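On a predicted model such as this, the values are computed, not experimentally measured, just so you know. Atom set for the values below is all heavy atoms of this structure, side chains included, hydrogens, waters and symmetry mates excluded. Here, residue 1 is the first one in the sequence, and each next residue gets the next number. We count ligands from 1, going down the list as the structure has it; atoms in each ligand are counted the same way.
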Amino acid sequence: MTNDSNRLRIAIQKSGRLSRDSEKLLSQLGIRFVLRDNRLIAHAENLPIDILRVRDDDIPALVMDGIVDLGIVGQNVLEECELERQADSLPASYRELQALGFGKCRLSLAVPEDESFASATELNGKIIATSYPRLLGRYLAGFNTSFRNCQLNGSVEVAPRAGLADAICDLVSTGATLEANGLKEVEVIYRSQATLIARERPFEPAKQQLIDTLMTRLKGVLSARE
Ligand code: ATP
Ligand code: ZN
């Protein structure tokens, strides 16, 4: 079943760091909806729009597979998914419509604080714990450096102390979590924010018109924020 619904489907994170800002933005675009706790889908009351609430990790593939029309997701998750799907020869295209200015964070390398660090090349052959092995691999490849992947999708920052890894590559906003785990941030490898993406396949005219209206409103919302 593909997405041939007449209603515009927008995927947002159900509960997490992007949820509140995503919901607020959709409201600011003039979409009226009520979110009920356990519901996957919220039907807008005033426009032919359905809001799909899912794990953030599921959003890129839903857009790349054309199951939903639009999605709001962190660029970090988006690009990691894109690289993974390219490697697996799965559909990986999408259109990035607009970076949204919230959900800002950085993906950084960190090492135990008592260790010296001069350059990423020193990590060659080391074990690095991360949830973003492809973004990390792409970055280190630029230094002709390779690493051994310790894939963790949570508790990344405890890996060095637990003896599982030599270093980590994780999302940072204040650095407090790193410090609490005896780590120091040594290199930012990727800067991220939330972004609005659309499926690659062209939209039927009515949907495209609705998207155009939303985009005009979005530009207004973003410029009013500056
Ligand atoms: P889900 O249950 O939806 O999978 P999650 O636990 O994977 O949620 P969150 O921690 O809510 O995800 O983070 C979602 C996104 O928020 C991140 O991928 C990133 O783009 C952004 N973000 C902003 N600041 C931070 C931060 N300090 N740490 C982690 N993510 C951040
Ligand atoms: Zn997630």
Should we count CZ of R36 as having more than 12 external heavy atoms under 6.0 Å? no
Below 4.0 angstrom, counting only protein heavy atoms, does anything approach atom 3 (O) of ligand 1? yes
Of all the atoms in ligand 1, which lie at a distance below 4.0 Å from a heavy atom belonging to G74? 20 (O)
Of the protein's non-hydrogen atoms, which lies at the shortest distance from atom 24 (N) of ligand 1, and what is that distance? C105 CB, 3.4 Å
With a cut-off of 2.8 Å, strictly less than, protein N/O/S atoms near the Zn ion (ligand 2) add up to 2
Sub-4.0 Å atoms of ligand 1 with respect to non-hydrogen atoms of K104: 23 (C), 24 (N)
Check whether any side-chain heavy atom of P48 sits under 4.5 Å from a side-chain heavy atom of L8, and report yes or no. no
Between Q151 and N153, do the side chains contain a donor N or O and an acceptor N or O under 3.5 Å apart? yes
of all protein heavy atoms, closest to atom 14 (C) of ligand 1 is D56 OD2, 3.4 Å
Using a 3.5 Å cut-off on N or O atoms only, is S192 in polar contact with ligand 1? no
Contact region, V77 to ligand 1, non-hydrogen atoms below 4.0 Å, reads side chain
Supply the members, apart from L178, of the Ile/Leu/Val/Met/Phe/Trp/Tyr cluster built from side-chain contacts under 4.5 Å; use none for a lone residue. L152, V156, I168, V172, L183
Could you tell me whether K184 and E113 have a side-chain N and a carboxylate O separated by less than 4.0 Å? no
Please classify the R17 to ligand 1 contact at 4.0 Å (heavy-atom distances, strictly less than): side chain, backbone, both or neither. both
Taking atom types as modelled, is there a side-chain donor on D212 or Q208 under 3.5 Å from an acceptor on the other? yes
Can you see whether E79 engages Y132 through a side-chain donor-acceptor pair at a distance of less than 3.5 angstrom? no
Tell me, which protein residue and heavy-atom name are nearest atom 12 (O) of ligand 1, and how many Å apart are they? Q13 NE2, 3.5 Å
Would you say that F102 contacts S22 through its side chain, given a criterion of any heavy-atom pair below 4.5 Å between the two side chains? yes
Mark yes when over 12 heavy atoms from residues, nucleotides or ligands other than E179 sit less than 6.0 Å from its CD; otherwise mark no. no
